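Here is the structure we will look at.
These numbers come from a predicted model, not from an experiment. Order of the sequence lines sets the chain letters (A, B, ...), proteins ahead of strands, with each chain counted from 1.
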2 protein chains.
Amino acid sequence: MRRSDASAQIVATSTVENYLKHLLLLAEDGETLVPMGALAAALEVVPGTATTMVKALADEGLVLHRPRLGVRLTPEGRRVALNVLRKHRLVETFLVHVLKMDWAKVHDEAEQLEHAISDEVLDRLDALLGHPQTDPHGDPIPSRQGKLHSQVYATLATCTLDRSVRIVRITDQSPEFLQFAEQHGLQPGTALRVADRNLPAGLLALRRSGSSAAASLSLVAAGKILVEPAR
Amino acid sequence: MRRSDASAQIVATSTVENYLKHLLLLAEDGETLVPMGALAAALEVVPGTATTMVKALADEGLVLHRPRLGVRLTPEGRRVALNVLRKHRLVETFLVHVLKMDWAKVHDEAEQLEHAISDEVLDRLDALLGHPQTDPHGDPIPSRQGKLHSQVYATLATCTLDRSVRIVRITDQSPEFLQFAEQHGLQPGTALRVADRNLPAGLLALRRSGSSAAASLSLVAAGKILVEPAR
DNA sequence: TGATTTATTTTGACTAATCAAAATACCGGC
DNA sequence: GCCGGTATTTTGATTAGTCAAAATAAATCA
Ligand SMILES: [Mn+2]
Ligand SMILES: [Mn+2]
Ligand SMILES: [Mn+2]
Ligand SMILES: [Mn+2]
């Protein structure tokens with residue numbers, strides 16, 4: 001007795017939710033086929049496990065499995081995935097802005113909470129936080145209607161030299177990197193410019209706006225920091 | 001490689017946490033043996049399932065199983081159970097006081113969240129809420145140190161006639177009863193008195209303090225409302 | 001005491017999720 | 001068109017948690 005009309009709420013286990021969410025993160029557009037190995041790596045399971053699970057998800061109509069080629073979300077799977085991602089990012093925002101938690105710790109916390117909060121709590125959190133567009137790391141929060149407005153940005157590794165830019169997003173969510181970024185004041189909102197790039201050395205020099213303080217950063221790290229033109 | 005010293009955090013699944021929490025609720029003192037059937041009923045599983053699970057918990061040192069007599073928490077099991085109960089009741093308090101949710105709905109919500117929040121989030125919620133002693137239903141919140149101060153109260157069914165009393169706790173957590181109680185202003189803090197008791201009819205008449213409004217209540221319902229002398 | 005009822009435990013089977021390791025398909029190079 | 005390497009799938013086994021139904025123990029009644 002399976003239901004699949006629009007009104008029926010899918011009852012997904014947290015394992016299923018995690019598979020769908022990671023598929024969304026690995027192919028935001030929803031068209032690209034995600035290779036099984038990439039999905040398995042993201043979920044930290046062996047490839048065989050991912051294959052088995054994906055076939056089950058395909059039976060439920062949540063994903064499309066092209067054997068040996070890859071897997072992608074169906075519209076229904078995407079709907080569920082967007083809702084989980086919205087919970088994840090709103091929870092992170094709550095933890096940082098209301099509970100004042102360290103932004104380096106909230107990802108792991110939200111990894112659990114995203115499966116435990118109801119849609120009603122989600123809505124109320126959203127209202128309490130003033131309907132934020134992005135989470136503390138600058139990651140866009142899917143709208144209630146399932147729109148994920150994901151722009152393409154330059155990074156500190158690619159932006160124009162000596163042009164003032166503002167940090168909009170940190171793409172490396174690991175506690176280590178976030179801790180490091182915070183210590184150097186590299187957070188969404190920070191205005192700065194790249195004073196110099198030394199490609200052979202793989203280094204670049206930063207200058208904070210309205211301050212003479214300088215800092216240097218590796219090209220690899222710089223590539224994880226998305227920016228937009230300031231002002 | 002099992003650890004069981006004080007510093008080691010037990011890694012309990014949410015199933016295990018639910019078993020331990022319900023054992024605590026069924027025998028707050030921690031001495032009484034809980035019959036297997038009572039535990040199974042509370043968890044909504046068949047008795048055989050409870051027996052199997054209890055034997056596993058006994059192997060982990062979380063409960064003491066006296067075959068055919070019943071089961072009770074060990075000190076270690078009680079420690080875990082108190083922490084889960086603290087999470088449950090602080091989450092309920094947060095949902096009502098901060099997110100303004102209906103007090104009839106928060107129990108089911110907290111049933112999931114109690115397994116998803118970390119001890120750090122717990123502490124921060126506690127601070128945000130001003131270290132509350134009781135949840136919205138008047139249920140006592142175990143302290144961080146694991147003290148559960150559970151007083152013995154009179155109920156509206158047993159308290160002195162025509163003496164002004166204050167509601168301190170509603171023991172029936174079902175949405176239906178809580179909804180009903182709210183509609184009649186029967187919430188912790190409410191001051192009132194029992195104007196009359198008609199035992200044969202199983203009815204009693206209430207009079208709200210500072211108002212001439214009267215209401216009648218069944219004895220069964222009245223027994224679920226705990227009160228203390230007002231003032 | 002013996003029979004009947006009730007509570008508990010045991011047994012066997014099932015589902016979801018996982019891993020290890022073997023089998024298979026596909027790729028690029030020659 | 002075969003060969004070796006890589007990615008994927010398949011197979012078989014394991015763990016946590018559950019139920020149905022049979023077996024057993026204990027309590028109650030005659
Ligand atoms: Mn998760
Ligand atoms: Mn984030
Ligand atoms: Mn629970
Ligand atoms: Mn409560």
Side-chain angles (χ1 to χ4, degrees), chain A residues 1-2 10-23 26-27 32-73 77 80-81 84 111-112 114-116, chain B residues 1-3 9-23 26-27 32-73 77 80-81 84 111-112 114-116:
Chain A
M1 198 68 29
R2 304 222 27 276
I10 291 285
V11 278
T13 63
S14 55
T15 303
V16 167
E17 290 188 341
N18 279 333
Y19 273 81
L20 299 178
K21 188 189 68 175
H22 277 107
L23 277 172
L26 289 169
T32 324
L33 281 177
V34 176
M36 204 52 79
L39 178 60
L43 289 158
E44 298 179 273
V45 295
V46 300
T49 299
T51 301
T52 307
M53 193 65 200
V54 158
K55 291 209 287 186
L57 296 177
D59 286 347
E60 305 271 318
L62 295 168
V63 304
L64 173 71
H65 182 206
R66 308 283 313 280
R68 303 222 106 107
L69 294 179
V71 53
R72 69 155 176 261
L73 294 168
V80 176
V84 178
E111 205 54 53
Q112 305 307 313
E114 65 188 0
H115 313 294
Chain B
M1 195 71 29
R2 306 222 27 278
R3 310 288 316 290
Q9 274 290 344
I10 291 283
V11 278
T13 62
S14 55
T15 304
V16 167
E17 288 187 344
N18 279 334
Y19 273 80
L20 298 178
K21 188 190 70 175
H22 277 108
L23 277 171
L26 289 168
T32 324
L33 280 178
V34 176
M36 203 53 76
L39 178 60
L43 289 158
E44 299 178 273
V45 295
V46 300
T49 299
T51 301
T52 308
M53 193 64 199
V54 159
K55 290 207 289 186
L57 295 177
D59 287 346
E60 305 271 317
L62 294 169
V63 306
L64 174 71
H65 182 206
R66 307 283 315 282
R68 301 227 112 100
L69 294 179
V71 54
R72 70 156 176 259
L73 294 169
V80 176
V84 177
E111 206 54 54
Q112 304 308 314
E114 65 189 358
H115 312 295

> If you pin A:T49 and B:P67 to their nearest nucleotides in DNA chain C, which one's is more 5'?
Replying inline: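 That would be B:P67.
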Quickly work out the [X] [atom1] to [N] [atom2] distance and round it to whole Å.
{"X": "B:L69", "N": "C:dT9", "atom1": "CG", "atom2": "P", "result": "9 Å"}
{"X": "B:E60", "N": "D:dT15", "atom1": "CD", "atom2": "P", "result": "13 Å"}
{"X": "A:L57", "N": "C:dA17", "atom1": "CG", "atom2": "P", "result": "8 Å"}
{"X": "B:L33", "N": "C:dT8", "atom1": "CG", "atom2": "P", "result": "11 Å"}
{"X": "A:L39", "N": "C:dT18", "atom1": "CG", "atom2": "P", "result": "11 Å"}
{"X": "B:M53", "N": "C:dT10", "atom1": "CE", "atom2": "P", "result": "16 Å"}
{"X": "B:H115", "N": "D:dA16", "atom1": "NE2", "atom2": "P", "result": "18 Å"}
{"X": "A:L62", "N": "C:dA16", "atom1": "CG", "atom2": "P", "result": "14 Å"}

> Using a cut-off of 4.0 Å on non-hydrogen atoms, how would the nucleic acid contact of B:G37 be classed: base, sugar-phosphate, or nothing?
Replying inline: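 Since only primed, P, OP1 and OP2 atoms lie under 4.0 Å of B:G37, the category is sugar-phosphate.
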> Which is true for B:T15 with a 4.0 Å heavy-atom rule: it touches a base, it touches only sugar-phosphate, or it touches nothing?
Replying inline: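 Answer is sugar-phosphate: B:T15 comes under 4.0 Å of backbone atoms only.
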Would you say [X] places a side-chain N or O within less than 4.0 Å of OP1 or OP2 belonging to [N]?
{"X": "A:T52", "N": "C:dA17", "result": "no"}
{"X": "B:Y19", "N": "D:dT18", "result": "yes"}
{"X": "A:H65", "N": "D:dT9", "result": "yes"}

>> Less than 4.5 Å apart, side chain to side chain, heavy atoms only: is that true for A:K21 and A:E114?
In response: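 In short, these two side chains touch, coming nearer than 4.5 Å.
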>> Could you check whether any side-chain heavy atom of A:V16 comes within less than 4.5 Å of a side-chain heavy atom of A:M53, counting everything from C-beta outward?
In response: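 The answer is yes, as the side chains (C-beta and beyond) meet within the 4.5 Å cut-off.
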Counting side-chain heavy atoms from C-beta on, which of [options] comes nearest to [X]?
{"X": "B:K55", "options": "C:dT10, D:dC19, D:dT8", "answer": "C:dT10"}
{"X": "A:V46", "options": "C:dC19, C:dA17, C:dT9", "answer": "C:dC19"}
{"X": "A:T13", "options": "D:dT24, C:dA16, D:dT9", "answer": "C:dA16"}
{"X": "A:R68", "options": "C:dT18, D:dT18, D:dA7", "answer": "D:dA7"}
{"X": "B:T51", "options": "C:dT8, C:dA17, C:dC19", "answer": "C:dT8"}
{"X": "A:P47", "options": "D:dG17, D:dT8, C:dT8", "answer": "D:dT8"}

> So which heavy atom on A:H65 is nearest to which on A:G70, and how close?
Replying inline: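 Heavy atoms of A:H65 and A:G70 come nearest at CD2-O, 3.5 Å.
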>> How close do B:V34 and B:A27 get, counting heavy atoms only, and between which atoms?
In response: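 It is CG2-CB, 3.7 Å.
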>> I'd like to know if A:E60 and A:K55 make a salt bridge, using a cut-off of under 4.0 Å between side-chain N and carboxylate O.
In response: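 Looking at A:K55 together with A:E60, the answer is no, because their closest N to O distance does not fall below 4.0 Å.
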